[in-house]
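Before any comments, here is the structure.
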Amino acid sequence: MSIIHAQDVTKAYQAGEVTVQALRGVTFDIERGSFVSFVGASGSGKTTLLNLIGCLDRPTSGQLTVLGTDVTTLDRKESALFRGQNIGFIFQDFNLLPVLSVYENVEYPLIMVQSWPEHRRRERVMELLGAVGMADQAQKRPDQISGGQKQRVAVARALAPDTKVVLADEPTANLDSQTAHRVIGLMHQLKAELGVTFAFSTHDPKIMAAAEIIYHLEDGRVTNIERTREVAHG
């Protein structure tokens with residue numbers, strides 16, 4: 001079952017007097033509970049595509065459906081609400097708030113978007129910190145933990161609002177090889193246990209090796225779809 005459907009999606013940016021075609025008629029389906037990579041050279045359209053799926057931007061034309069919602073019809077407020085309730089983000093530079101503890105960083109989206117009661121927030125945060133192996137580090141600040149630990153916290157934060165889709169933009173770029181393998185393994189484990197769909201923008205062969213489907217992009221087009229294995233639904 002498709003959780004994300006794109007049909008002839010285009011995205012054009014105006015850079016001064018020049019029109020830049022970031023995406024040129026992209027069509028694809030992503031199954032629920034899959035581990036998907038978008039790969040290609042810089043400027044191929046990978047990050048633009050994640051931004052559209054994540055409702056951070058809107059296509060110039062075409063159809064884009066996420067979790068059964070045509071996100072091209074949402075206004076800015078509706079997009080923010082939909083994003084906050086359904087989509088998590090993981091970044092290569094972690095994007096943790098330095099003044100907050102590990103616990104508070106994971107709790108933050110629940111306060112900002114979900115407005116969960118405190119007891120329910122605590123249960124959810126500690127459940128996720130336990131799942132990523134960071135429960136014993138809950139009161140530390142980001143500058144007191146390693147890069148791999150920061151990315152584990154970022155994974156927990158992305159999943160906090162009972163997220164259905166996680167979008168990860170080069171999530172292993174700032175990690176050493178051994179730590180990257182651990183983080184990828186963790187995300188695979190959480191995908192299997194929680195049924196979350198992970199979509200990556202990446203150059204990392206380790207993520208590509210873990211992916212079930214790889215979409216190759218070049219100059220804003222999908223040039224090849226590589227299915228490495230059947231989607232292992234949780």
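Hydrogens, waters and symmetry mates play no part in the numbers below; they use all other heavy atoms, side chains included. All of these numbers come straight from a predicted model, not from anything done at the bench.
- To the nearest 0.5 Å, atoms CD (Gln151) and CZ (Phe91) are separated by 10.0 Å.
- Side-chain atoms of Thr228 come within 3.5 Å of backbone atoms of Glu212 as a donor-acceptor pair (strictly under, hydrogens ignored).
- For the residue pair Ala160 and Val106, the shortest heavy atom distance occurs at CB-O, 3.5 Å.
- Judged purely by atom type and a 3.5 angstrom limit, Arg157 has no side-chain atom pairing as donor or acceptor with the backbone of Asn105.
- The distance from atom OG1 of Thr47 to atom CG of Asp169, rounded to the nearest 0.5 Å, is 4.0 Å.
- A distance-only check finds no donor-acceptor pair linking the side chain of Asn86 to the backbone of Lys164 [under 3.5 Å].
- Residues Pro171 and Ser201 share a closest heavy-atom pair of CD-O, 4.2 Å.
- One finds the CG atom of Leu81 at 9.5 Å from the CZ atom of Arg83 (value rounded to the nearest 0.5 Å).
- With hydrogens and angles disregarded, no donor-acceptor distance shorter than 3.5 Å links the side chain of Gln137 to the backbone of Met134.
- Looking at Ser37, its side chain never comes within 3.5 Å of a backbone N or O of Val39 through a donor-acceptor pair.
- A continuous path of Ile, Leu, Val, Met, Phe, Trp and Tyr side chains, each step under 4.5 Å between heavy atoms, connects Ile3 with Phe28, placing both in one hydrophobic cluster.
- Shown are Asp70, Asp29, Thr65; of these, the side chain to side chain donor-acceptor pair (under 3.5 Å) with His5 is made only by Asp29.
- By the side chain to side chain contact (heavy atoms under 4.5 Å, CB included) test, Ser177 pairs with His181, Lys206, sequence neighbours left out.
- For the pair Glu123 and Arg120, the salt-bridge criterion is not met [side-chain N within less than 4.0 Å of a carboxylate O].
- For the atom pair CZ (Phe200) and CD1 (Ile207), the distance works out to 5.5 Å, reported to the nearest 0.5 Å.
- More than 12 heavy atoms of other shown residues, nucleotides or ligands fall within 6.0 angstrom of atom CD in Gln14.
- Contact detail for Arg152 and Val132: the closest heavy-atom pair is NH1-O, 2.6 Å.
- Under a 3.5 Å cut-off, the side chain of Thr172 and the backbone N or O of Leu175 do not form any donor-acceptor pair.
- Using a 4.5 Å cut-off between side-chain heavy atoms of Ile, Leu, Val, Met, Phe, Trp and Tyr, with links allowed through other members, Phe198 and Met208 fall into different hydrophobic clusters.
- Annotation: side chain to side chain contact (heavy atoms under 4.5 Å, CB included) contacts of Arg58 (sequence neighbours excluded): none.
- Nearest heavy-atom pair across Pro161 and Leu110 is CA-CD2, 3.7 Å.
- Distance alone, capped at 3.5 Å, places no donor-acceptor pair between the Gln21 side chain and the Gly220 backbone.
- Closest approach of Cys55 to Val71, counting heavy atoms only: SG-CG1, 3.7 Å.
- Side chain of Lys46 to main chain of Gly40: a donor-acceptor pair is present (N/O by atom type, distance under 3.5 Å, no hydrogens or angles).
- Between the side chains of Thr60 and Thr10, not a single donor N or O lies within less than 3.5 Å of an accepting N or O.
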